[in-house]
Amino acid sequence: DGGITQSPKYLFRKEGQNVTLSCEQNLNHDAMYWYRQDPGQGLRLIYYSQIVNDFQKGDIAEGYSVSREKKESFPLTVTSAQKNPTAFYLCASSKETSNNEQFFGPGTRLTVL
Amino acid sequence: AQSVTQLDSQVPVFEEAPVELRCNYSSSVSVYLFWYVQYPNQGLQLLLKYLSGSTLVKGINGFEAEFNKSQTSFHLRKPSVHISDTAEYFCAVSRGRGGSYIPTFGRGTSLIVHP
């Protein structure tokens with residue numbers, strides 16, 4: 001079955017450590033996205049990528065980094081520069097078409113202690 | 001720029017009652033509109049979408065939404081809700097021609113269905 005996988009589902013890290021969240025898709029989608037979700041704030045875009053080896057900052061990119069070396073993979077690194085990293089992180093993908101329906105992974109809940 | 005406002009952060013309703021979740025958008029260009037549902041600790045899944053054509057759009061799980069261009073609204077409705085409809089619902093807008101294809105999401109509406 002085609003879909004998006006995110007791992008791990010729960011992640012705990014100590015303050016000051018970098019951590020990388022995995023996102024893989026086998027939908028053959030060109031575009032991939034990372035969102036952060038906090039209670040009552042909806043989804044906020046961190047980074048997106050329309051094509052391999054290219055990515056763009058979203059609304060809240062500070063303290064995060066990404067790479068897109070393969071079409072299927074779009075890992076997100078939460079760095080120690082991110083002031084408040086505890087949140088639910090969602091990865092999504094879409095075909096590069098104008099209707100842009102997104103397909104979401106199950107999410108990773110990151111808790112920084 | 002485009003924006004989305006979901007007018008209610010929380011909507012409590014009794015089982016088998018009708019429900020409407022409100023969504024208004026602003027955009028200077030034509031839009032595509034989406035409703036997504038999120039169950040606790042899961043990702044989002046698409047309920048329905050409006051791209052063009054008929055303004056009444058039917059989706060999964062008995063939900064429907066009506067695109068109203070003059071009122072810039074895309075309200076979600078269900079005539080009779082079930083306990084299993086308890087979830088967070090997100091409205092999103094992306095472009096038609098000329099606007100940003102990156103979807104903008106509303107803050108979400110929590111639908112709470114009571115027995």
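Lettering of chains follows the sequences in order, A, B, ..., and the numbering in each one begins at 1.
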K.L.:
Considering only heavy atoms, which portion of B/Gln6 lies under 4.5 Å from any heavy atom of chain A: side chain, backbone, both, or neither?
P.N.:
neither
K.L.:
How long is the gap from CD1 on B/Ile102 to CG on A/Asp59, to the nearest 0.5 Å?
P.N.:
10.0 Å
K.L.:
Mark yes or no for whether B/Tyr32, through its side chain, and A/Glu101, through its backbone, hold a donor-acceptor pair below 3.5 Å.
P.N.:
no
K.L.:
Do the side chains of A/Phe103 and B/Gln45 get nearer than 4.5 Å, heavy atoms only?
P.N.:
no
K.L.:
Would A/Val66 end up clustered with A/Tyr89 when hydrophobic side chains under 4.5 Å apart are linked, directly or stepwise?
P.N.:
yes
K.L.:
Check the hydrophobic clustering (I, L, V, M, F, W, Y; side-chain heavy atoms under 4.5 Å; chains of links allowed) and say if A/Met32 and A/Leu45 are grouped together.
P.N.:
no
K.L.:
Counting only non-hydrogen atoms closer than 4.5 Å, does A/Gln6 touch chain B with its backbone (N, CA, C, O), its side chain (CB onward), both, or neither?
P.N.:
neither
K.L.:
When rounded to the nearest 0.5 angstrom, what distance separates CD in B/Glu88 from CG in A/Leu43?
P.N.:
10.0 Å
K.L.:
Can you tell which part of A/Ile4 gets under 4.5 Å to a heavy atom of chain B, answering side chain, backbone, both or neither?
P.N.:
neither
K.L.:
State plainly whether one hydrophobic cluster holds both B/Ile83 and B/Val37, where clusters connect Ile, Leu, Val, Met, Phe, Trp and Tyr through side-chain heavy atoms under 4.5 angstrom apart.
P.N.:
yes
K.L.:
Are B/Phe63 and B/Phe14 linked, directly or through intermediate hydrophobic residues, by side-chain heavy-atom contacts shorter than 4.5 Å (ILVMFWY only)?
P.N.:
no
K.L.:
Determine the minimum heavy-atom distance between B/Asn41 and A/Lys9, stating which atoms define it.
P.N.:
O-NZ, 2.9 Å
K.L.:
Any chance you could lay out the side chain to side chain contact (heavy atoms under 4.5 Å, CB included) test for B/Leu46 and A/Gln102, step after step, and finish with the verdict?
P.N.:
CA-CA 8 Å; B/Leu46 184 71; A/Gln102 291 182 310; over 6 Å; no
K.L.:
According to a hydrophobic-cluster definition based on side-chain heavy atoms being under 4.5 Å apart (Ile, Leu, Val, Met, Phe, Trp, Tyr only), do B/Tyr39 and B/Val81 belong together?
P.N.:
yes
K.L.:
Which heavy atom of B/Arg107 sits nearest a heavy atom of A/Gly40, and at what distance?
P.N.:
CD-O, 3.5 Å
K.L.:
Which atoms form the tightest heavy-atom contact between A/Phe88 and B/Gln42, and what is the distance?
P.N.:
CE2-O, 3.6 Å
K.L.:
Please give me the minimum heavy-atom distance between B/Leu44 and A/Phe104, naming the atom from each residue.
P.N.:
O-CB, 3.3 Å
